[in-house]
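Keep in mind that this is a model prediction, so the values were computed, not measured. To find a chain, count down the sequence lines: A is the first, B the second, and so on, and within it residues start at 1.
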Protein chains: 2
Amino acid sequence: MNDLKLEDIAKLAGVSRSTVSRVVNASPNVGAATRKRVEKIIQTTGYHPNAAARSLASQRTNMIGLVIPRTTSAFFTDPYFPHLTQGVAFACNNHHMTLSLFLVGNQEDENEITPRLLRRGMLDGILLQSGNSDDMLFRRLISSHVPLLVLGRPFEEKSVNYIDVDNILAAKNATSHLIRLGYQRIGMITGAIRSTTSIDRQAGFKQAMAEAGKTIDPSLIVEGDFSENSGYVAMKKLLPFRPDAIFAQSDVMAIGAMRAVQEAGLQIPKDVAFVGFDDLPVASTLPIKLTTVHQPITHFGIKAVDLLIDMIEKGTKPAKRMILDAELIIRDSCGGNSNNRPIVQGVEFEGSALKAPA
Amino acid sequence: MNDLKLEDIAKLAGVSRSTVSRVVNASPNVGAATRKRVEKIIQTTGYHPNAAARSLASQRTNMIGLVIPRTTSAFFTDPYFPHLTQGVAFACNNHHMTLSLFLVGNQEDENEITPRLLRRGMLDGILLQSGNSDDMLFRRLISSHVPLLVLGRPFEEKSVNYIDVDNILAAKNATSHLIRLGYQRIGMITGAIRSTTSIDRQAGFKQAMAEAGKTIDPSLIVEGDFSENSGYVAMKKLLPFRPDAIFAQSDVMAIGAMRAVQEAGLQIPKDVAFVGFDDLPVASTLPIKLTTVHQPITHFGIKAVDLLIDMIEKGTKPAKRMILDAELIIRDSCGGNSNNRPIVQGVEFEGSALKAPA
DNA sequence: GTGAAAGCGCTAACAG
DNA sequence: CTGTTAGCGCTTTCAC
């Protein structure tokens, strides 16, 4: 019904294409009367500018890509990603940007997707979920011209822009809480062992233990992959070693582990206490409400988009990081529900510093 | 590093732009030697064609949009949507298509997104999740030029292309199973009451009851909204009326309802039996494995993309529907786990018929 | 404040 | 099989 182009509107309004273009793009250099007339015609005709033509001429597509690499196991079975996607999508709406989603399922997908990502005239910028290792895709992306922001600390930080939560500090707080509660045999179920996320959370765990002067029993650390089932399996392995508390690196793994504990006829938190990570909505509706680290996931997505758009508009600057805080939420599964502490605001800054001031 | 254009490659290879274009687009009309030479130059230079220019000239963007309207409550808290998105994304990869995601959070978003959806030179086609009512967005989309496929039966079916599962038949089977097992006070927790999905599942429930000659006690039907919490709340309301079996219109609601039952100190399935709908992965890992209707969600997404691309390539044809079967999976929560029936294939057809032959 | 003109980088007939 | 020639529909200096 409307195959009209700028020129048609111009003709109808008795002005030039340039003027219509100015009206459409809200340029200030248009007379009030002219603007009104043109706007009315656009209204009545239902004209919409052609996106491709506009992109070609302006070198801007107003699209950003969200790339979830294949090394990220189980991206959409873990509620983390939907929440993240939601935050990103909403932020895009606010910026009048369109979000393209690239789910890299396997090597074939990667080969197919990479050129699309690298094409000019396609994406103004890219949000890349940090994967289990800095793979080929990662490298090709950082060495390309496209403004790139990595979600989560990458392996190779050198001169790449990224945003992350303070996993080390958060994991340390979670572990310290368990220590403070007097647990003696504290175990950990890790996430995918090769992800920086998991590495950082392990580091936090170890720091807390070290500072409390506690030695770590290696048999109390078992590898998971962030999935519910891996938590279940990990707990089965852990049970014979009689842990009295578990720090699970994701809520979903904590849920799987709790399932294993209950199947073994043990009580939570009496026999085994739990702290998770993420604070998914489900954490507070479980039969035994989960003590966990709150990640501001949606907010994280929003911040990421804001940062990326900044990069796009001001040109990519040298390494810029943003580290958000993640606060422990105390509920029932840790056996010490009392003082819920308020959620601390994330702190924003640039430059070489790695962590936000507490 | 590579701001090269077609012309640069042409010059380097000593051919014309057309020839390079042909090579890039895998046209057969190129000599083997020429092709090889051009390909090599493209390789070494790392040339990627400009997407905007290509779209403008070819009138094809190779992008499709997935639109989740705001009337769909809780889109990303229900695992249904991530699974669907995954299916759609993978299918897009297979077709060398880029997926754009439009999450409509509120009225503002809708106003912001609609023009982007309607713009030419943006999307080759649109996948629209059917919402709770055929709202403004729906109407503007169907009356536009863009090939449109609705996911789930729309309210107004007239001449709109859609794909759905056979909710009526599936709900009927689920209910009949409960009846066959001898339950006397069978209740239902509905989904969002204004969605066709919920309406169809209610219809199936009622058909089954009617065919078994059972009257329906209205106090045993309670409204939910597909969310976990709504299932929990609904079950609380239901409990005083002593149902002995519940058909929950989503797994997530079944889980919420089971939580309420357990909190009341009752046994599943002894005191209250359950049948869900969706067959999310979690259904089979619950402490009491959930009997439920299996929805081929990912497959559904893939089929949807296939259909849409068909529409794009062959031009939009008059109303075309695809109804997939959804089969009951019998586990423990219904108290009658014995004969697991195989999953029946979805049946494809066109025209005015509404249901697949059983 | 408004218009004219020159592209943006590619595809797609049409010749040959 | 390859080259020439028009655009695709818009933005954006540059004049006036």
It should be established whether [X] places a side-chain nitrogen or oxygen under 4.0 Å from OP1 or OP2 of nucleotide [N].
X: A:Thr19; N: C:dT2; answer: no
X: A:Gln59; N: C:dG9; answer: yes
X: A:Ser16; N: C:dG3; answer: yes
X: B:Tyr47; N: C:dG9; answer: no

Is a salt bridge present between B:Asp164 and B:Arg321, judged by a nitrogen-to-oxygen distance below 4.0 Å?
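Salt bridge absent between B:Asp164 and B:Arg321.
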Could you check whether A:Thr114 and A:Arg140, counting side-chain N and O atoms only, form a donor-acceptor pair closer than 3.5 Å?
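Not at all, the side chains of A:Arg140 and A:Thr114 share no donor-acceptor pair under 3.5 Å.
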When you compare the side chains of A:Ser100 and B:Ser100, does any donor N or O come within less than 3.5 Å of an acceptor on the partner?
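B:Ser100 and A:Ser100 do have a side-chain donor-acceptor pair below 3.5 Å.
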Quick check on B:Gln107: does its CD atom have over 12 non-hydrogen neighbours (other residues, nucleotides or ligands) under 6.0 Å away?
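Enclosed.
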For B:Glu313, does the CD atom sit with more than 12 other heavy atoms under 6.0 Å from it, leaving out its own atoms?
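Check passes, neighbour count above 12.
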Protein-nucleotide distance ([X], atom [atom1]; [N], atom [atom2]), rounded to Å:
X: A:Arg120; N: C:dC10; atom1: CZ; atom2: P; answer: 10 Å
X: A:Lys5; N: D:dG7; atom1: NZ; atom2: P; answer: 10 Å
X: A:Leu6; N: D:dC8; atom1: CG; atom2: P; answer: 13 Å
X: A:Asp8; N: D:dC10; atom1: CG; atom2: C1'; answer: 13 Å
X: B:Leu56; N: C:dA12; atom1: CG; atom2: C1'; answer: 13 Å
X: B:His48; N: C:dC10; atom1: NE2; atom2: C1'; answer: 16 Å
X: A:Glu7; N: D:dG9; atom1: CD; atom2: P; answer: 10 Å

Base C:dA12 paired with B:Ser58 side chain (donor-acceptor, <3.5 Å)
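Check fails, no donor-acceptor contact within cut-off.
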Go through the N and O atoms of the side chain of A:Arg17 and the base of D:dT11, and report whether any donor-acceptor pair is under 3.5 Å.
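Flag set: donor-acceptor pair detected.
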Considering only C:dC10, C:dA5, D:dG3, which nucleotide approaches the side chain of B:Pro49 most closely?
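Nearest to the side chain of B:Pro49 among the choices is C:dC10.
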Of all the choices, D:dT5, D:dG9, D:dG7, which nucleotide is nearest to the side chain of A:Ala53 once you look at every atom?
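Given the options D:dT5, D:dG9, D:dG7, the side chain of A:Ala53 is closest to D:dG9.
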Between A:Asn50 and B:Gly14, who's closer to the 5' end of DNA chain D by nearest nucleotide?
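Mapping each residue to its closest nucleotide by heavy atoms, the 5'-most match is B:Gly14.
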Check the pair A:His95 / A:Asp306 against side-chain hydrogen bond (donor to acceptor under 3.5 Å, both in side chains), numbers first and verdict last.
CA-CA 9 Å; A:His95 290 278; A:Asp306 289 348; 2.8 Å; yes
Atom pair OH (A:Tyr47) and CG (A:Asp8), whose distance is rounded to the nearest 0.5 Å
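Interatomic distance, A:Tyr47 OH to A:Asp8 CG, rounded to 0.5 Å: 9.0 Å.
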Among residues 21-44 of chain B, which ones have heavy-atom contacts with DNA chain C below 4.0 Å?
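Going residue by residue through residues 21-44 of chain B, the ones with a heavy atom under 4.0 Å of DNA chain C turn out to be B:Ser21, B:Arg22, B:Asn25.
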